[in-house]
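So the structure is just underneath, and the comments pick up after that.
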Amino acid sequence: MPETTYLQAISDGLREEMRHDDTVFCLGEDIGAFGGAFKVTDGFIEEFGGRRVWDTPLAESAIIGTAVGAAVEGLRPVCEMQFADFIACGFDQLVNVAAKMHYRQGLPVPLTVRLPSGGGFSGGPFHSQNPEAWFLQAPGLKVVAPSTPADAKGLLAAAIRDPNPVVYLEHKHLYRRAKGEVPEGRYEIPLGKARLAREGTDLTVIAYGAMVPLALEATEDMAGARVEVLDLRSLVPLDHDAVLASVRKTSKVVVLHEATRSCGVGAEVAALIAEEAFEDLDGPVVRVSAPDVPIPFSPPLERAVLPQVDDVREACRELLAY
Amino acid sequence: MSTTTAPSAASGSSEPFRHSPPVASSEALRLTPADRRALLHYMLLMRATEERALSLYRQGKVPGSFYDGRGQEAVSVGSAFALGPRDRACILHRDLGAHLIRGVDPGRVLAQMMGRAGSITGGREGNMHFGDRRLGCVGMVSMLPDMMLVACGLALAFQMRGEQRVAMTWCGEGSTANGQWHEAMNVAGVRRLPVVFILENNQFAYSTPNDLEFAVDPVERAGAYGFAGVKVDGNDVEAVFAASAEACERARSGGGPTLIECETMRMHGHGAHDDMRYVPRELFEHWAARDPIDRYEAGLREQGVDTDAMRAAVKSELDEAADWALAQDMPDPATASEGVFADREPVLGDGRAPWSRWEEAADA
C-alpha cells in the first residue's frame, strides 16, 4: 500500500466519494480555484466544476444552512469550515436546524462538516480551537476525529454516506506530519468504533486525533510497563464497549485530549468508567488536557497550555505508581 | 396594488431588472372562479382551525403557549397557492394556510397543538413548529429566519440538478434584523437561486414596532442583493398571489430570487399570553377594517358565490377534525428517546397544488 499524508488521505477520500456519487458536493470558503486554505480540495474545481465545488461567500451560517436544505432535498453536501473555530458563526444552523431535524420531523440530514482543528502553530485563540465538546451536547450530531491517514479517509467516507449530520474534526497538526499506508479505492471505517493503537496490560491512554501519536510517543518506553493506547476515532457515538474492555484489562486510565478540560470528552469518558467499571479500577481516572483557557499565540504560552509528551509521560508514571 | 423596487445603485445599470427577466404572461397566471373560491376556502379554513385551536388552548388542552396568524391569512394562502406539487416550502408559525394548501389535514394540526401521538410530529414539536415532510415541507425552528437559508439549500439542489422547481419560505419583518437574513439574501443573489422569500410585515416583532426594527424598509434591500423586491398589500389575497406566482415563474425560468414584502397586521398577540397593550387602538382598528377574509368574501358574494355554504362546510370539517384530534392518544413516554439519529435516506414528498394551472399541467 502506498504511504500517504493525512491531508492527502482526506483529499483522496473526498475526491473518490465525489467521483462515485454525483450527489456529493463540497462548499466552503476559498475551496475552489485556491483549493482551500489547507489545499484539501486542490484540483477539485478543475475535475468537478464550480457547481460541485462551491466557493461560498464568507458566511458560515449560509454554508451550513444551505447545506441542510440541499441535504434534505437529496444531495450530500460536505462543508468546509476554513478553521474549526469559525463553526461558532454557523453554530445555530448546525445545532438547532441540522441536529434536531430528524428527531422533530423524521427528516434525515446527510451532511458532513469538516473542521480543521487544533493548535501548535501559533494560530492564536481563533485558529487553534478544539470545539468537539460543544457538539457532544447537541443530540443528533455525530462527531469523529481521526488520527491516522487510513482512518481519515475511511471515516470521511463513512461520514459522507451516513444519513445524519457528522462533524468531522481533522487536526491541522497531523495534515503533513502524519503519514501512513492508506488502502486504495473506496472503503469505510465505521462510525462509533474505536481502534487499539497499541495493545498493553498495565495502563490505558484513551485519546483521539492528534493526541494519539502523542500518546504513542510518550508511552513508548515506560520502564517496562506496557501501556495500551485506545484511539476513540468517534466521539459520538462513543465506543463504550472498547473503553470498558480496555479498563477491565489494564485497570488504570489516562484520558488525553487537546481540548479544554471541563465537561470535555475526558470528563465524559471518566464518568462512563466510574458508572460502568468502578470495580475494575486500580486508581483514579486521570485527565490530561488543555486547562480551561483560550489558546494563546506566543509559542511558550501555547506550549504551556497544550498537552506535551512530558505531561503525558508524567501522568502515566504517577498513575502506574499508584 | 403593488410596487416594485429593482436593483439600481448597486449595479450601476440602467436596466431595471438585471437579474429579473420578464416572466410568463399574466394570462398564464390567471385565477379561475374555482381558484377564487379555493383562496377563500383556505383562508376560512385557516381561521377556523386556529379559532378551534385557541378554544382548545383555553380549555387547557394545548400545552405551552399558543401562536396563530390571525389577520395574516391572505399572506400564507395567496403565496402558497402559487406553488406546484414538486415545489418545496419552509413555512412559518403564522402561516397555517400554507400548510393547509399543501395538504395538511386540520385534524392533524389540532392534534399537533395538543401534543398527540397522531399529530404531524407525534408530540416532538408543539404549536406551529412543524412541517410535514411527506408534503414537501421542512419545518421551521424558533430561531428566525434560519429557514431562509434552508430554503436556499433546497433551491440550490433544484438548480444543481437543472430542475424547474421553486423553494418558498416565509419570514417576519422582525427577522430582517438578524444576520442570517442577510446571509440568505446574499447567497440567493450570488447564486441566482430559484427561491421566493415572503416577508410578512405584521407591524410588530413581538412588541417592537417597525420604527425600532429598521431604518429602511426591508423591501428596499432586495436591489442591493441583486434581485427584485416587490411590496404588496398583504391583506389582499389576489395581490399576494399575483406577486408570488410571478416570482415563482421568474425562479423557474432561471431569473433568480424575489423578495415579496406583504404589508399586514398581526391581529392577535405574539402568543396567547400577550395582551397586545403596546398596539395603539387606532392602528388596530385601521387593520380590523381591512380584514383579509371579510374583504375577499364580500367580493365573491357580489359575484354570486354562496359563502355561507362555504363557511358551513368549513365549520363541519373542523367539528370532525376536533373530534378526531381529541380522540388521538398522547405519545408513549417510552418513545421519548427514539429517533435522535436517522438510519435511512431523506425523502421529501410532494405537496398538494390546488391552483387550476397545475391541474392543467397534470392533464397535459
Side-chain angles (χ1 to χ4, degrees), chain A residues 22-23 25 27 49-52 54-77 89-111 138-142 161-166 191-192 236-237, chain B residues 88 90 120-122 124-125 129-134 136-143 145-161 163 165 167 169 178-180 182-191 193 195 336-348:
Chain A
D22 63 11
T23 68
F25 74 104
L27 66 165
R51 291 220 155 190
R52 290 180 70 197
W54 178 20
D55 252 336
T56 64
L58 250 149
E60 286 76 12
S61 289
I63 293 168
I64 297 174
T66 53
V68 171
V72 298
E73 189 43 53
L75 301 181
R76 300 190 106 77
C89 305
F91 195 70
D92 176 39
Q93 284 286 342
L94 189 60
V95 306
N96 283 320
V97 184
K100 296 172 177 59
M101 185 80 80
H102 187 260
Y103 183 79
R104 295 170 59 238
Q105 47 185 325
L107 190 55
V109 185
L111 164 69
L141 299 179
K142 295 186 179 181
R161 296 177 209 170
D162 196 89
N164 295 284
V166 181
L191 306 180
V236 181
Chain B
R88 299 288 180 254
C90 302
I120 296 145
T121 66
R124 299 296 175 86
E125 266 289 9
H129 289 161
F130 67 85
D132 194 333
R133 61 186 159 79
R134 295 166 307 177
C137 176
V138 185
M140 63 173 287
V141 300
S142 296
M143 296 75 195
D146 287 19
M147 302 316 287
M148 278 176 71
L149 283 164
V150 176
C152 285
L154 296 166
L156 182 74
F158 306 152
Q159 185 185 65
M160 287 177 72
R161 294 190 293 236
E163 299 167 341
R165 297 165 65 189
T169 190
N178 185 280
Q180 293 199 48
H182 295 269
E183 291 193 25
M185 292 286 285
N186 190 47
V187 162
V190 167
R191 287 288 299 235
L193 295 174
V195 62
S337 297
E338 293 173 2
V340 174
F341 291 106
D343 55 7
R344 55 178 182 76
E345 296 304 303
V347 182
L348 281 172

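The sequence lines fix the lettering, A, B, ..., with proteins before strands; numbering per chain opens at 1. What you are looking at is a predicted structure, and each value in this text was computed from that prediction instead of being measured.
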So, A:Glu73 and B:Arg165, do they make that salt bridge, N to O below 4.0 Å?
yes
At what distance, to the nearest 0.5 angstrom, does CG of B:Leu149 lie from CD1 of A:Ile64?
10.5 Å
Side-chain donor/acceptor of A:Arg51 to backbone N/O of B:Gln159, under 3.5 Å:
yes
Closest heavy-atom contact between B:Leu348 and A:Val72?
CD1-O, 3.5 Å
Considering only heavy atoms and a distance below 4.5 Å, find which of A:Pro139, A:Gly65, A:Gly74, A:Pro57 pairs most often with chain B.
A:Gly65
Please report the closest heavy-atom contact between B:Arg344 and A:Gly106, naming both atoms and the distance.
NH2-O, 2.6 Å
With a sphere of 6.0 Å drawn around CZ of A:Arg161, does it hold more than 12 non-hydrogen atoms of other residues, nucleotides or ligands?
yes
Look only at the side chain of B:Arg124 and the backbone of A:Tyr103, and say whether a donor-acceptor pair between them is shorter than 3.5 Å.
yes
Grab the two heavy atoms, one from A:Ala62 and one from B:Glu183, that are nearest each other, plus how far apart they are.
N-OE1, 2.7 Å
Does this structure show an ion pair linking B:Glu345 with A:Arg76, if we count only N-O contacts that are shorter than 4.0 Å?
yes
As an exercise: rank A:Leu27, A:Asn96, A:Val68, A:Thr56 by heavy-atom pairs under 4.5 Å with chain B and give me the winner.
A:Asn96
Atom of A:Asp92, atom of B:Gln180 and distance for their closest heavy-atom approach
OD2-NE2, 2.8 Å
Heavy-atom distance under 4.5 Å between the side chains of B:Val141 and A:Arg104, does that happen here?
yes
Please evaluate residues A:Thr66 and B:Arg191 with respect to the criterion side-chain contact (heavy atoms from CB on, under 4.5 Å), reporting the C-alpha separation (whole Å), side-chain torsions for both, the decisive distance (0.1 Å), and the verdict.
CA-CA 11 Å; A:Thr66 53; B:Arg191 287 288 299 235; over 6 Å; no
So for B:Arg161, is it side chain, backbone, both, or neither that comes closer than 4.5 Å to the heavy atoms of chain A?
side chain
A:Ala71 versus chain B, the contacting section by heavy-atom distance below 4.5 Å:
backbone
Best-contacting candidate, B:Ile120, B:Thr121, B:Val190, against chain A by heavy atom pairs under 4.5 angstrom
B:Thr121
Mind listing the closest non-hydrogen atom pair of B:Val150 and A:Gln93 along with its distance?
CG2-OE1, 3.9 Å
Heavy atoms, side chains only, cut-off 4.5 Å: are B:Phe341 and A:Leu141 in contact?
no
Could you have a look at B:Gly339, B:Cys152, B:Ala157, B:Ser142 and say which one has the most heavy-atom pairs with chain A under 4.5 angstrom?
B:Gly339
If one checks every heavy atom of B:Asn186 against chain A at 4.5 Å, the contacting part turns out to be side chain
Using the rule side chain to side chain contact (heavy atoms under 4.5 Å, CB included), only one of A:Leu75, A:Asp22, A:Thr23 pairs with B:Met160; which is it?
A:Leu75
4.5 Å side-chain heavy-atom contact, A:Pro163 and B:Asp343:
no
Under 4.5 Å to a heavy atom of chain A? For B:Met140 that would be backbone
B:His182, part contacting chain A, at a heavy-atom distance under 4.5 Å
neither
Could you tell me the separation between the NZ atom of A:Lys100 and the CD atom of B:Glu125, rounded to the nearest 0.5 Å?
10.0 Å
